[in-house]
Amino acid sequence: SVDPMTYETQFFGFTPQTCILRVYIAFQDYLFEMMQVVEGVMLKKLDGIPGCKISPFQIRKCTEKFLLFMKEHFDKLFAKMEEVLLQLVLNIPKNVLLPEDKVQEQYPYSKEEFQALQDELQQLQQQCRAEAAAEQALRAELEEQKAVKAELEKILQCFDGLENICREHGASNFKESFALLTQSSRKLQDVLKDVEEKSK
Amino acid sequence: GRAQVFTTVVDTFLEKLVAAGSYQRFVNCYRCFYKLQPQLTRSIYDQFISQLQASIKEEIQEVKNEGNLEGLFSSLDKIVEEAKDREEPAWRPSGIPEEDVRSTMVPYFLKHRSYLRRVLREKEEENRKVAESVLMGRDRIAELQQLIQARQQAWQ
Amino acid sequence: FDELIVETATRRKQWPKKILVHAIQTMKAEQE
């Protein structure tokens, strides 16, 4: 049955009801204080009048009468003031959103939507990690390929070197030259045989 | 503005209180003293009213200063003015912190999502190029191996 | 009751931002 006015408290930093209560207590205290002062002044004055028939008790009765009357009106008037202050001044209308809560209307995500967003983030992170791992593997292979290519090219260079040597020594096609050399060797062998037979 | 309404309401309260606690009423209550000292009674009454008004106004000013009410009222007036075209009720805390804090996190999450998507896109593109180089490298190695085999066979 | 209301309202105003800071720190630490 009590409206705690939490949203107003969020803005002001204090509850409106407490503010009003503080004001009420202060005003009431001042009223009582002033009445005490009034009574005090009257009693002091009466003290100075010799043979005065008015007793302090009578003055006290008068004070109580006046105070009761004032307190009654005070309470009635203060209640009206409180109503106005709580409705018009220390109040945040229902259609008003405080600046710190703007995100609530800009991004009204339900539990499911929020979970979906978190899941998506997790998935993206996993994909990024996978891509990073893939990059590592690819670059490792590139390095390996570099070394392998270098070795293979060295071997090819050896073959090229051999062929160059043969070419430098007049054998552009080693296979043909070798065949020719074999042929020539055979011919020479045949000629040698011939010569040996004739010399016998 | 709220500040003006506040001041007006307090002033009205004081006015009506003073009107209720009129001199006539004061005299009615302190009749015995009034008969003895009518002028003093008037003086006491005037002092009482004046002091009461001053104390109440001072208290109000103190409350305004302590709570920075003037500033708060002005801010609130601005916020209310900005929302004047809106009819439907605004959001209010649900009382479940877990739910309410969600919306605070969403903007960051969305920013983070954009960032991750961009990074992933860039990484994928980069990896695609590196993968192409790797494939080309493999082809080249296969080519070299074939050449070497052919030369070796020829020498054999 | 009043203290409770003020405390609750103050937390509603201030803590979401603080929680966000911590959440971001946690996410960044996880990434690292």
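Convention: sequence-line order gives letters A, B, ...; per-chain numbering from 1. All heavy atoms count here, side chains included; hydrogens, waters and symmetry mates do not.
When every heavy atom of B:Ile56 is checked against every heavy atom of A:Tyr30, the shortest pair comes out as N-CD1, 4.3 Å. Shortest non-hydrogen contact noted between B:Val130 and A:Leu142 is CG1-CD1, 3.8 Å. The two residues A:Tyr7 and B:Trp91 make their nearest non-hydrogen contact at OH-O, 4.2 Å. The heavy-atom pair separating A:Lys149 from B:Gly137 by the smallest distance is NZ-CA, 4.1 Å. Between B:Ser133 and A:Gln145, the closest heavy-atom pair is O-OE1, 4.1 Å. A pairwise comparison of heavy atoms in B:Asn28 and A:Lys65 identifies O-NZ, 4.0 Å as the closest pair.
Every residue two or more places apart in sequence or in another chain was checked for a side chain to side chain donor-acceptor pair (under 3.5 Å) with A:Asn95, and none qualifies. Residues satisfying the side chain to side chain donor-acceptor pair (under 3.5 Å) test with A:Arg186, not counting sequence neighbours, are none. Residues satisfying the salt bridge (charged side-chain N to carboxylate O under 4.0 Å, His left out) test with B:Arg113, not counting sequence neighbours, are A:Glu120.
Under the 4.0 Å criterion applied to side-chain N and carboxylate O atoms, B:Arg92 and A:Asp101 are not assigned as salt-bridge partners. Between B:Arg102 and A:Glu113, no side-chain nitrogen of the basic residue sits less than 4.0 Å from a carboxylate oxygen of the acidic one, so the salt-bridge criterion is not met.
Test A:Lys102, A:Gln106, A:Gln104 against B:Ser103 for side-chain hydrogen bond (donor to acceptor under 3.5 Å, both in side chains) and you get one pass: A:Gln104.
Within the 4.5 Å cutoff, side-chain heavy atoms of A:Met70 are placed close to those of B:Leu17. Side-chain contact between B:Glu126 and A:Glu131 is absent, with no heavy atoms from C-beta onward closer than 4.5 Å. Side-chain atoms of A:Val37 and B:Gln51, non-hydrogen and from C-beta on, never get closer than 4.5 Å to each other. For the pair A:Met35 and B:Phe48, the minimum side-chain heavy-atom distance is below 4.5 Å. Inter-residue side-chain proximity for B:Leu69 and A:Phe14 is flagged as met; some heavy-atom pair is nearer than 4.5 Å. With a 4.5 Å cut-off on side-chain heavy atoms, A:Leu162 and B:Trp155 count as touching. No side-chain heavy atom of A:Val103 sits less than 4.5 Å from a side-chain heavy atom of B:Val106. Here the side chains of B:Leu36 and A:Ile54 are in contact, with some heavy-atom distance below 4.5 Å.
A:Met81 CE to B:Asp11 CG: the interatomic distance, rounded to the nearest 0.5 Å, is 10.5 Å. Atoms CD1 and CD1, on A:Ile92 and B:Ile79 in that order, are 7.5 Å from each other to the nearest 0.5 Å. The CG atom of A:Asn91 sits 6.5 Å away from the CZ atom of B:Arg2 when rounded to the nearest 0.5 Å. In this structure, CD in A:Gln127 is found 6.5 Å from CD in B:Glu124, a value given to the nearest 0.5 Å. Separating the CD atom in A:Gln123 from the CG atom in B:Leu120 is a distance of 9.5 Å, to the nearest 0.5 Å. Atom CG of residue A:Leu138 and atom CG of residue B:Leu135 lie 9.0 Å apart, to the nearest 0.5 angstrom.
Annotation: maximal heavy-atom pairing with chain A below 4.5 Å, among B:Ala154, B:Pro107, B:Gly67, occurs at B:Pro107. For chain B, the option among A:Val96, A:Leu88, A:Ile59 with the highest count of heavy-atom pairs below 4.5 Å is A:Val96. With chain B as partner, the option from A:Val148, A:Leu156, A:Ile155 having the largest number of non-hydrogen pairs under 4.5 angstrom is A:Leu156. Looking only at heavy-atom pairs under 4.5 Å with chain A, the residue among B:Leu40, B:Val5, B:Ile141 that has the most is B:Ile141. For the set A:Val84, A:Leu98, A:Leu31, the count of heavy-atom pairs under 4.5 angstrom toward chain B peaks at A:Leu31. For the set A:Gln118, A:His73, A:Glu100, A:Glu135, the entry with the most heavy-atom pairs within less than 4.5 Å of chain B is A:Glu135. The most heavy-atom pairs under 4.5 Å with chain A, out of B:Glu87, B:Gln145, B:Arg117, come from B:Arg117. In terms of heavy-atom pairs under 4.5 angstrom with chain B, the leader among A:Tyr109, A:Phe12, A:Phe74, A:Phe114 is A:Phe114. Considering only heavy-atom pairs separated by less than 4.5 Å from chain A, the leading option among B:Glu88, B:His112, B:Lys84 is B:His112.
Along residues 58-65 of chain B, the residues that come nearer than 4.5 angstrom to chain A, judged on non-hydrogen atoms, are B:Glu59, B:Ile60, B:Glu62, B:Val63 in order of number.
Within the 4.5 angstrom heavy-atom criterion, no atom of A:Lys146 approaches chain B. Neither the backbone nor the side chain of B:Asp77 comes within contact range of chain A, judged by heavy atoms closer than 4.5 Å. For B:Gln47, no part sits under 4.5 Å from any heavy atom of chain A, backbone or side chain. Only the side chain of B:Glu66 comes within contact range of chain A, with heavy atoms under 4.5 Å apart. For A:Cys158, no part lies near chain B; criterion is any non-hydrogen pair under 4.5 Å. Contact annotation for B:Gln152: both backbone and side-chain heavy atoms come within less than 4.5 Å of a heavy atom of chain A. Heavy atoms closer than 4.5 Å to chain B are found in the side chain of A:Leu117, but not in its backbone. Only the side chain of B:Arg140 comes within contact range of chain A, judged by heavy atoms closer than 4.5 Å.
A:Thr63 and B:Tyr30 share a donor-acceptor pair across their side chains, judged by distance under 3.5 Å alone.
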Assess whether side-chain contact (heavy atoms from CB on, under 4.5 Å) is satisfied between B:Gln37 and A:Ile49, documenting all intermediate values. CA-CA 11 Å; B:Gln37 300 274 343; A:Ile49 300 171; 3.6 Å; yes
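Ring pair A:Phe27/B:Phe13 is parallel by interplanar angle, where below 30° counts as parallel and above 60° as perpendicular.
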